[in-house]
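Reading through the structure tokens given below for one structure.
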Protein chains: 4
Amino acid sequence: MSPKVSETYKEEKRAAILTGALHCFVEKGFQATTVEDIVRRLGISKGALYGYFASKEEMYIQMANARMDDMVASLSTQFKGLPGAADKIRYLFDRFRKQSLLELRKWVTFHLDFMIYASRNPDLIESHDRYMDKALHVIQDIMEEGRRTGEFRSDLDASSAAYLFWSVRDGLALHFLLGGDEKNYRKILDDMEKMVLRFLASAPV
Amino acid sequence: MSPKVSETYKEEKRAAILTGALHCFVEKGFQATTVEDIVRRLGISKGALYGYFASKEEMYIQMANARMDDMVASLSTQFKGLPGAADKIRYLFDRFRKQSLLELRKWVTFHLDFMIYASRNPDLIESHDRYMDKALHVIQDIMEEGRRTGEFRSDLDASSAAYLFWSVRDGLALHFLLGGDEKNYRKILDDMEKMVLRFLASAPV
Amino acid sequence: MSPKVSETYKEEKRAAILTGALHCFVEKGFQATTVEDIVRRLGISKGALYGYFASKEEMYIQMANARMDDMVASLSTQFKGLPGAADKIRYLFDRFRKQSLLELRKWVTFHLDFMIYASRNPDLIESHDRYMDKALHVIQDIMEEGRRTGEFRSDLDASSAAYLFWSVRDGLALHFLLGGDEKNYRKILDDMEKMVLRFLASAPV
Amino acid sequence: MSPKVSETYKEEKRAAILTGALHCFVEKGFQATTVEDIVRRLGISKGALYGYFASKEEMYIQMANARMDDMVASLSTQFKGLPGAADKIRYLFDRFRKQSLLELRKWVTFHLDFMIYASRNPDLIESHDRYMDKALHVIQDIMEEGRRTGEFRSDLDASSAAYLFWSVRDGLALHFLLGGDEKNYRKILDDMEKMVLRFLASAPV
DNA sequence: CATGAATGAGGCTTCATTCAT
DNA sequence: TATGAATGAAGCCTCATTCAT
């Protein structure tokens with residue numbers, strides 16, 4: 001009933017570990033980050049780390065979920081102040097634009113690296129799916145809202161549109177992973193925004 | 001198996017090695033494929049392999065380039081029979097649609113895995129850039145053609161549009177890397193096609 | 001065998017590894033000694049070894065430095081009881097004479113092998129230079145002392161003389177690396193001693 | 001009775017291979033030179049090379065012997081014109097002085113590298129001994145001549161003195177293998193010459 | 001609970017030598 | 001004879017995970 005240390009302590013430690021690990025994964029990618037990197041940054045022992053997480057994988061999954069939940073929560077808050085569906089989409093593109101290419105690259109590495117890893121380990125796919133679903137739902141809700149309010153076309157498939165939205169954005173990130181300059185990146189982001197909004201808004205074919 | 005062989009022999013062996021390695025890379029990804037995997041599959045010795053390629057990296061690069069060149073050549077041929085720029089874009093989406101999700105996943109793994117690896121090895125970035133440039137140029141040419149013929153908007157930035165095209169497509173592939181069903185995939189591909197064509201064709205803003 | 005051990009434990013283990021490696025290097029030379037040889041001899045794993053030393057090279061360098069420091073310290077102590085510079089030189093030749101040819105050969109192998117290796121790896125040259133400097137300085141000090149006290153000629157270049165001293169000695173070791181009998185070796189050592197002392201003592205030309 | 005190709009041809013080819021291999025060994029040392037290096041330089045095949053020499057070792061031994069014979073022959077010729085034993089020693093030191101440090105280093109690497117290698121392979125020791133004996137005899141003859149003519153002390157042990165001569169010289173080379181500047185090298189060479197001549201010439205103790 | 005030394009399989013690459021052509 | 005592709009045993013080093021303290 002009463003563990004040696006309080007649950008709160010454990011929870012905080014968990015979070016602290018996740019934060020430290022996040023920095024490492026973001027800096028070097030999942031595969032290239034060693035457990036040694038993580039514990040060195042945190043100033044804890046490997047044993048301690050393995051007391052909280054069963055494996056490097058598990059750390060990644062929990063961390064990704066936490067991040068995703070944060071992002072979803074943050075977006076929900078922001079969205080409250082935005083009247084329309086199109087505004088929300090624009091807001092998202094603004095966010096993308098604000099992120100530097102360097103930042104973007106780090107996140108892309110962080111995610112892609114694990115996706116590749118997961119794609120060869122069936123156990124991880126489900127975890128990752130749940131993770132991605134959250135991102136999809138945020139967008140899907142916007143799409144449905146837009147269709148309801150008439151901002152977006154009436155024949156819009158909200159789910160497909162959500163996929164499409166992220167594909168567009170992640171594909172761009174992907175193409176700028178290894179090179180490309182900031183200016184070019186933002187130009188395409190502008191084009192993408194126009195393209196997406198036009199597609200969403202356009203009258204049914 | 002023997003020396004002073006014809007150039008043909010060597011070329012064929014090279015190709016055979018590349019084919020074998022391709023299977024491995026596609027199956028397990030670049031990082032997870034070991035040289036041992038490749039030589040076991042081919043039934044040759046490691047020394048033999050290193051007689052043809054200086055490193056695992058070089059095998060990947062040459063293989064990717066060969067594949068890219070083939071694709072570019074094949075597209076060029078196909079494009080000869082297609083009158084307009086929009087037709088060419090449509091043809092490309094048709095090709096994407098014909099590819100099974102399984103196939104797609106293999107290729108995504110093949111590419112992404114190496115990109116992640118390359119992103120941490122500056123020497124490789126240049127190689128990869130050259131590789132990607134080929135794909136970009138194929139599309140850029142179409143964009144320029146479309147603008148010239150008036151099929152596409154007059155203010156179209158061919159280079160950005162090429163980036164955008166591939167981003168859209170690769171982003172989709174990315175999102176279906178770990179899951180998703182064939183039907184959904186094709187539905188989104190249809191939407192994408194519409195979205196892209198509408199964007200390209202629309203009058204200047 | 002276990003963690004959070006005392007610094008003493010680690011220091012002892014370090015020393016133990018160095019001792020084991022020393023045996024191997026002395027027995028087979030630097031290049032021919034494999035990491036496998038060392039860990040087998042010590043009964044530890046490769047990982048354990050690499051926890052203490054970053055590379056085979058580093059093991060060698062630290063080992064050589066430790067040995068050199070010991071030798072310098074031992075000589076310093078001995079020299080305290082010796083009144084003159086010539087006495088110190090004589091003492092050194094005595095030490096050389098006491099060393100068996102077998103011993104000598106091992107040490108020559110130990111050093112030469114690494115020198116050859118280092119001569120092709122610029123990074124290592126500096127390390128090795130520092131190492132040799134220590135030996136040179138010990139002798140240089142004697143030369144300066146002798147010049148000051150008038151035991152040695154007044155125009156003696158202490159630095160050159162130090163080089164000369166070691167060259168003479170190491171050259172001899174070199175020539176007995178592959179063959180030669182103990183008696184002959186000692187006879188030449190006697191001659192060398194006379195030759196060197198006469199050179200040092202002789203009046204300016 | 002009559003081989004396919006003339007003995008002359010074979011002999012010339014042997015010599016050509018040896019010359020090419022010499023360049024390689026001198027440039028990179030024995031261990032670091034690969035058979036591939038040698039055949040590439042010569043423009044012949046490995047099979048051809050192995051038709052003339054059973055191993056890399058054998059090439060080295062024969063090459064070293066040839067070089068030594070050349071050197072001995074060259075010295076013999078030079079010595080004809082030199083009236084005294086001391087002159088001959090002085091001539092040798094002149095030769096040493098004429099050699100650049102770069103040249104010297106190459107030769108030292110060439111020899112040392114193989115000595116280390118040989119010291120672990122008993123079969124090779126004998127070969128190497130014979131090789132060194134030639135060098136020793138050249139000097140021994142001078143020593144004996146000097147003693148006979150009264151130029152050198154009457155109690156001189158010609159064999160020991162020969163050892164001593166080479167030790168002095170090779171030891172110096174050794175110390176300049178990894179570093180040191182030309183000027184310093186020559187200064188010590190001068191000192192050595194004085195030291196050696198004084199030792200040889202001095203009256204019995 | 002925390003510690004961190006130890007494990008050890010496994011990764012990539014090299015190269016003297018052989019032998020089918 | 002000449003050729004050079006092929007061999008394959010080593011070599012050095014990494015790192016997720018465990019477990020005695």
Side-chain angles (χ1 to χ4, degrees), chain A residues 3-5 9-10 13 31-40 43-59, chain B residues 1-6 9-10 13-14 31-39 42-59, chain C residues 1-6 9-10 13-14 31-39 42-59, chain D residues 3-5 9-10 13 31-40 43-59:
Chain A
K4 298 265 167 51
V5 297
Y9 170 83
K10 284 183 66 173
K13 185 118 190 187
Q31 305 204 51
T33 296
T34 67
V35 173
E36 177 67 29
D37 288 335
I38 299 170
V39 300
R40 200 187 307 127
I44 65 169
S45 72
K46 287 187 191 162
L49 190 150
Y50 275 90
Y52 288 95
F53 301 93
S55 67
K56 216 172 101 173
E57 280 173 16
E58 205 192 286
M59 291 186 62
Chain B
M1 205 162 306
S2 60
K4 197 55 186 178
V5 293
S6 64
Y9 170 86
K10 283 188 68 172
K13 182 114 195 188
R14 255 187 95 81
Q31 306 202 55
T33 296
T34 69
V35 173
E36 177 67 29
D37 288 334
I38 299 171
V39 300
L42 286 163
I44 65 171
S45 70
K46 287 186 193 156
L49 189 152
Y50 277 91
Y52 288 91
F53 301 94
S55 66
K56 211 175 102 172
E57 285 170 15
E58 207 190 286
M59 291 186 63
Chain C
M1 206 168 299
S2 59
K4 196 55 190 180
V5 292
S6 65
Y9 170 86
K10 284 189 68 174
K13 183 113 193 189
R14 254 188 97 78
Q31 305 202 56
T33 296
T34 69
V35 173
E36 177 67 28
D37 288 336
I38 299 171
V39 300
L42 287 163
I44 64 172
S45 70
K46 285 184 195 158
L49 189 151
Y50 278 92
Y52 289 91
F53 301 94
S55 67
K56 209 175 101 171
E57 285 170 14
E58 208 192 283
M59 291 186 62
Chain D
K4 297 265 167 51
V5 297
Y9 170 83
K10 282 183 66 173
K13 185 118 189 185
Q31 305 204 52
T33 296
T34 68
V35 173
E36 176 68 29
D37 288 334
I38 299 171
V39 300
R40 199 186 310 125
I44 65 169
S45 71
K46 288 186 192 164
L49 189 151
Y50 276 90
Y52 289 95
F53 301 93
S55 66
K56 218 172 99 172
E57 281 172 17
E58 204 191 288
M59 291 186 62

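Chain letters run A, B, ... following the sequence lines, proteins first, then strands; residues in each count from 1.
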Acceptor/donor pairs from residues 43-54 of chain B side chains to any protein atom, 3.5 angstrom cut, sequence neighbours excluded:
{"unit_1": "B:Ser45", "atom_1": "OG", "unit_2": "B:Ala48", "atom_2": "N", "d": "3.1"}
{"unit_1": "B:Lys46", "atom_1": "NZ", "unit_2": "B:Glu36", "atom_2": "OE1", "d": "3.4"}

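Distance D:Met59 CE to E:dT17 P: 11 Å, rounded to the nearest Å. The OH atom of A:Tyr52 sits 13 Å away from the C1' atom of E:dT3 (whole-angstrom rounding). Whole-Å rounding puts the D:Ile38 CD1 to F:dG4 C1' distance at 16 Å. Note: NZ (D:Lys13) to P (F:dT3) measures 6 Å, nearest angstrom. B:Lys10 has its NZ atom 18 Å from the P atom of E:dT21, to the nearest Å. Rounded to an integer number of Å, the gap from CZ of A:Arg40 to C1' of E:dT3 is 16 Å. Atom CD1 in D:Ile44 sits roughly 7 Å away from atom P in F:dT3 (whole-Å rounding). The distance from atom CG of D:Leu49 to atom C1' of E:dC19 is 16 Å, rounded to the nearest whole Å.
Residues passing the salt bridge (Lys or Arg N to Asp or Glu O under 4.0 Å) test with D:Lys13: none are found, sequence neighbours excluded. Contacts of D:Thr34 classified as side-chain hydrogen bond (donor to acceptor under 3.5 Å, both in side chains), with partners at least two apart in sequence or in another chain: D:Asp37. A search for side-chain hydrogen bond (donor to acceptor under 3.5 Å, both in side chains) contacts involving A:Gln31 returns A:Asp113, not counting sequence neighbours.
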Write down the protein N/O and nucleotide N/O pairs, taken from nucleotides 11-14 of chain F, whose separation is under 3.5 Å; answer none if there are no such pairs.
{"unit_1": "F:dC12", "atom_1": "OP1", "unit_2": "C:Thr33", "atom_2": "O", "d": "3.4"}
{"unit_1": "F:dC12", "atom_1": "OP1", "unit_2": "C:Lys56", "atom_2": "NZ", "d": "2.7"}
{"unit_1": "F:dC12", "atom_1": "OP2", "unit_2": "C:Val35", "atom_2": "N", "d": "3.0"}
{"unit_1": "F:dC13", "atom_1": "OP2", "unit_2": "C:Tyr50", "atom_2": "OH", "d": "2.4"}
{"unit_1": "F:dC13", "atom_1": "OP2", "unit_2": "C:Lys56", "atom_2": "N", "d": "3.3"}
{"unit_1": "F:dC13", "atom_1": "O5'", "unit_2": "C:Tyr50", "atom_2": "OH", "d": "3.4"}
{"unit_1": "F:dC13", "atom_1": "N4", "unit_2": "C:Lys46", "atom_2": "NZ", "d": "3.1"}

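Stem analysis of DNA chain F (at least three stacked-register Watson-Crick or G-U pairs, each with both distances under 3.5 Å) gives E:2-21 with F:2-21.
Look at B:Ser45 and you'll find a side-chain N or O under 4.0 angstrom from OP1 or OP2 of F:dT7.
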